[in-house]
Amino acid sequence: MKQKFDVTGMTCAACSAHVEKAVCKVAGVDQVNVNLLGNSMVVEYNEETTDAGQIIHAVEEAGYGAALPESRKQAAQPRQANVMEEEAAGMKRRFLTSLIFLVPLFYIAMGHMMGWPLPAFFHDPGNVFVVAFIQFLLTLPIMYINDRYYRVGFKTLWHRSPNMDSLIALGSAAAVVYGIAALFQIAWGLGHGDLARVDQWSMDLYFESAGMILTLITLGKWLETRSKGKTSQAITRLMDLAPKTASVLRDGVEVEIPVEEVAVGDLVVVRPGGRIPVDGVVTEGASSVDESALTGESLPAEKGPGDKVAAASINKSGFFTFRATRVGEDTTLAQMIRLVEEASASKAPIAKLADKVAGIFVPTVIVIALVTAVVWLIATGGDVTRALTAGVAVLVISCPCALGLATPVAIMVGTGKGAENGILIKSAEALETLHAIQTVVVDKTGTLTQGKPSVTHCLPAEGVTEEELLCVAASLEKPSEHPLAEAILNEAEERNIPLAPIQDFEAVSGRGVRGSLHGTAVLAGNRAMLEEAGIALGALGDKGEALAQDGKTPLYFAEDGKMLGVVAVADTPKATSAEAVRQFQALGIDVVMLTGDNQRTAQAVGKALGVSRVIAEVLPQDKERVVAQLQADGKRVAMIGDGINDAPALARADVGMAIGAGTDVAIESADVVLMKSDLLDAVTAVRLSKKVIRNIKENLFWAFIYNIIGIPLAAGVWFPITGWQLSPMFGAAAMSLSSVCVVSNALRLKFFRPSHGEEPEAQIETQKGTSTMTKTMTINGMMCAHCQAHVEKALNAIDGVTAVVDLEAKTATVTLTHDVADDVLKNAVTEAGYEVVSIQ
């Protein structure tokens, strides 16, 4: 069984390593995955051997808290970002309150050394104890405000699983205890007239160091938490997409209910501008639906009765009703959120090094600090001040946080960025493996090609028009159930060609069909059928053979014993497939096309797309064997397929990528789901993987180098040469800065953009002779969703215009099927009451 737990008390990589180690010791536990960023863990265990209670007990024994998460009907309920915001707000309050006490503390303690003006009271030798005691009193509130470091730090130390809080607690507590000892020495000296003792110990108060350490650490934690909150923005945006209510027809009456109460089978009403609350199938009405939030596809999809719609899509224009088929945690959006969360929580193999180091890091640092203090004590002839300075500096400069954050923050930002572009990466391991892929095996049908046949050529005989040929062809093929017949019928429908009734219809197995049209015999089939009927093919025979050589299927048509013409049908390549193959090759990745089609057709498609290696006539069960053979040859293989017929091959590959998922996100056999059915997204996934792994390596390098340089510097290793001994205050500041730097570096991944070779502002697509152009309008004056709907309505009313308005960005993306002057677009928005700033 796989179970998720919420874990409290973790502050650094050492914490997550100790929790993981403690749970792994529980009998029956197979696998543990602790997520430091999400304060959670996923445990796979045998229910017959152990249960959730024993796992929770193990975590508590290690010094941390654990609980089962609250059940949730709707995926948008948990709000990790809100937790981050609340935590950051609490840290901000702690920092600012600490600062109120730290400023006077630091001024009193260091003012005379800095030459700052101080009242005569603080310079009077007779007031030394009072001044020292004031510093102690100013330190106590800072310790109380930041008592969490002591509660967690000493608790984990007691359970022999020290973490970063233990280092902070030990360092600041040592400074305070030393300061209290100095108070007793000053009091003794004043009581016994030992002014030399008083003078010596009044200079050895460490209260300001303890207060500064706690305040600077809290400042660093605040900045770190704010940055960590930004890493989960992709998940937050996905959660925000789900509407809170839905309009449902109950007993013929439209009622508005919370989206959690929508049940499977309910009829849901969606108006223009509204978000679709759950997944379903349209029953009545039609509209264009913006699915960009789920697929990354900018162009709206036309929906009518029988079409599927997904939660979080936006209804752009029409009014329609749909029947709910998947609700709550079963919706596409909920599955997307779950996949992104699971990927963010999972560990990449590269993280194992950091985990191993973190597990022994804190105890090692404590030992180094003790050894440092002892060495300084001996080397200086018993100078406790110097020894304490070095020991505390080592404790506070050591930062297991940077090590722990190096991998998960980059993974979280990377998977979130993938989700924004319609690429769902289901594990950190898959994200890491992708960057090292050497060979991509691509299924042909539905991946490289459209997946269904369409008419590519219509060659009528002399004296026959294309319309006449298609009329006879479609009329004759209508009673047929052959897939090629559907392609001809679709072509006739697109051209608005009327059909004629067929009598005496007969299907000839392996040959074609025959019938009677207005009393005249008509034939349709392959070359052999017409030759057997004694029909002379003439020049059309050669043309048909040439089409067959190009991988197309020629269908020959005859009427009353004479040739009518040839219609060629083929599963045509997708518009972006050739570019995707080229980009894979540019990355140094070999592309292998795998198909069950005959060798001639496969070679023709492969040649058209630029694929160098084609493996044809492969049965679905044999595809897995091909992938295994490539792996045996030493290649790292990614398999791209439709996620159903290719399931064994997807599972066998180092990374399985399911394309054409649409709304069926949860494909178990794939590691990556490409929502847009676009092979270019597979290239984007590889590029994103390379960026993420490079970022992780940069983070790990910084984290290791920081500690390698910082700890010896704090310990005073370079003191004999440079005369430098690091103050604990500077150590605390440097420690906080290291974590902030690692998180900030990971946030650079948010600037990643897919490289598809075209600028989105001037994207032009050509499909079946129709050209579309996209323009971006910047608009002022839009304040709410009503304004957004108003502007969209004004633009969509223009012939040939499809507009999508982004309220937050104050822009409208306008797709044109033919040229529309900028003035026409501008006037439409101006008349609606808004200002057009620019059109690009």
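These figures come from a predicted structure and were not determined experimentally. Just the heavy atoms: all of them, side chains too, but no hydrogens, waters or symmetry mates, feed the values below.
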Side chain to side chain, [X] and [Y], heavy atoms closer than 4.5 Å:
{"X": "Tyr45", "Y": "Val26", "answer": "no"}
{"X": "Arg151", "Y": "Lys155", "answer": "no"}
{"X": "Ile411", "Y": "Ile696", "answer": "yes"}
{"X": "Asp165", "Y": "Phe154", "answer": "no"}
{"X": "Asn146", "Y": "Ile217", "answer": "no"}
{"X": "Thr218", "Y": "Tyr149", "answer": "yes"}
{"X": "Leu713", "Y": "Ile397", "answer": "no"}
{"X": "Leu214", "Y": "Ser98", "answer": "no"}

Kindly write out the residues that satisfy salt bridge (charged side-chain N to carboxylate O under 4.0 Å, His left out) with Glu698, not counting sequence neighbours, or none if the list is empty. Arg694, Arg748
Between Leu138 and Phe207, is the side chain to side chain contact (heavy atoms under 4.5 Å, CB included) condition met? List the steps. CA-CA 9 Å; Leu138 287 171; Phe207 295 125; over 6 Å; no
From [atom1] ([X]) to [atom2] ([Y]), nearest 0.5 Å:
{"X": "Arg386", "Y": "Phe719", "atom1": "CZ", "atom2": "CZ", "value": "4.5 Å"}
{"X": "Ile142", "Y": "Leu99", "atom1": "CD1", "atom2": "CG", "value": "8.5 Å"}
{"X": "Tyr706", "Y": "Ile711", "atom1": "OH", "atom2": "CD1", "value": "8.0 Å"}
{"X": "Met212", "Y": "Leu219", "atom1": "CE", "atom2": "CG", "value": "11.0 Å"}
{"X": "Thr139", "Y": "Leu102", "atom1": "OG1", "atom2": "CG", "value": "9.0 Å"}
{"X": "Glu20", "Y": "Lys25", "atom1": "CD", "atom2": "NZ", "value": "12.5 Å"}

On a heavy-atom basis, which atom in [X] and which in [Y] lie closest, and how many Å separate them?
{"X": "Thr372", "Y": "Gly391", "answer": "CG2-N, 4.3 Å"}
{"X": "Val394", "Y": "Val365", "answer": "O-CG1, 3.9 Å"}
{"X": "Val692", "Y": "Ala410", "answer": "CG1-O, 4.0 Å"}
{"X": "Lys750", "Y": "Lys417", "answer": "O-NZ, 2.8 Å"}
{"X": "Leu157", "Y": "Pro162", "answer": "CD1-CB, 3.7 Å"}
{"X": "Ala66", "Y": "Thr8", "answer": "N-OG1, 4.5 Å"}

With sequence neighbours excluded, residues passing side-chain contact (heavy atoms from CB on, under 4.5 Å) with Ala181: none
What residues, two or more places apart in sequence or in another chain, satisfy side-chain contact (heavy atoms from CB on, under 4.5 Å) together with Phe133? Phe129, Phe136, Leu137, Leu183
Check for a donor-acceptor pair, side chain of [X] on one end and backbone N or O of [Y] on the other, with a separation under 3.5 Å.
{"X": "Asp51", "Y": "Gln54", "result": "yes"}
{"X": "Lys4", "Y": "Val42", "result": "no"}
{"X": "Trp376", "Y": "Ala715", "result": "yes"}
{"X": "Thr97", "Y": "Arg94", "result": "no"}

Evaluate side chain to side chain contact (heavy atoms under 4.5 Å, CB included) for Val23 paired with Phe5, printing each intermediate quantity in order. CA-CA 12 Å; Val23 176; Phe5 296 81; over 6 Å; no
Could I get the full list of side-chain hydrogen bond (donor to acceptor under 3.5 Å, both in side chains) partners for Ser166, not counting sequence neighbours? Thr156, Asn163
Listed partners of Tyr107 passing side-chain hydrogen bond (donor to acceptor under 3.5 Å, both in side chains), at least two apart: none
How far apart are the C-alpha atoms of Val34 and Met10, what are their side-chain angles, what is the distance that settles it, and do they pass the side chain to side chain contact (heavy atoms under 4.5 Å, CB included) test? CA-CA 10 Å; Val34 179; Met10 295 192 301; 3.5 Å; yes
In terms of ring plane angle, is the pair Trp188 and His192 parallel, tilted or perpendicular, where the classes change at 30° and 60°? parallel
In short, salt bridge (Lys or Arg N to Asp or Glu O under 4.0 Å) pairs touching residues 186-200 with sequence neighbours left out are Asp194-Arg197
Side chain to side chain contact (heavy atoms under 4.5 Å, CB included) between Asn695 and Lys691, worked out: CA-CA 6 Å; Asn695 192 279; Lys691 289 280 186 183; over 6 Å; no
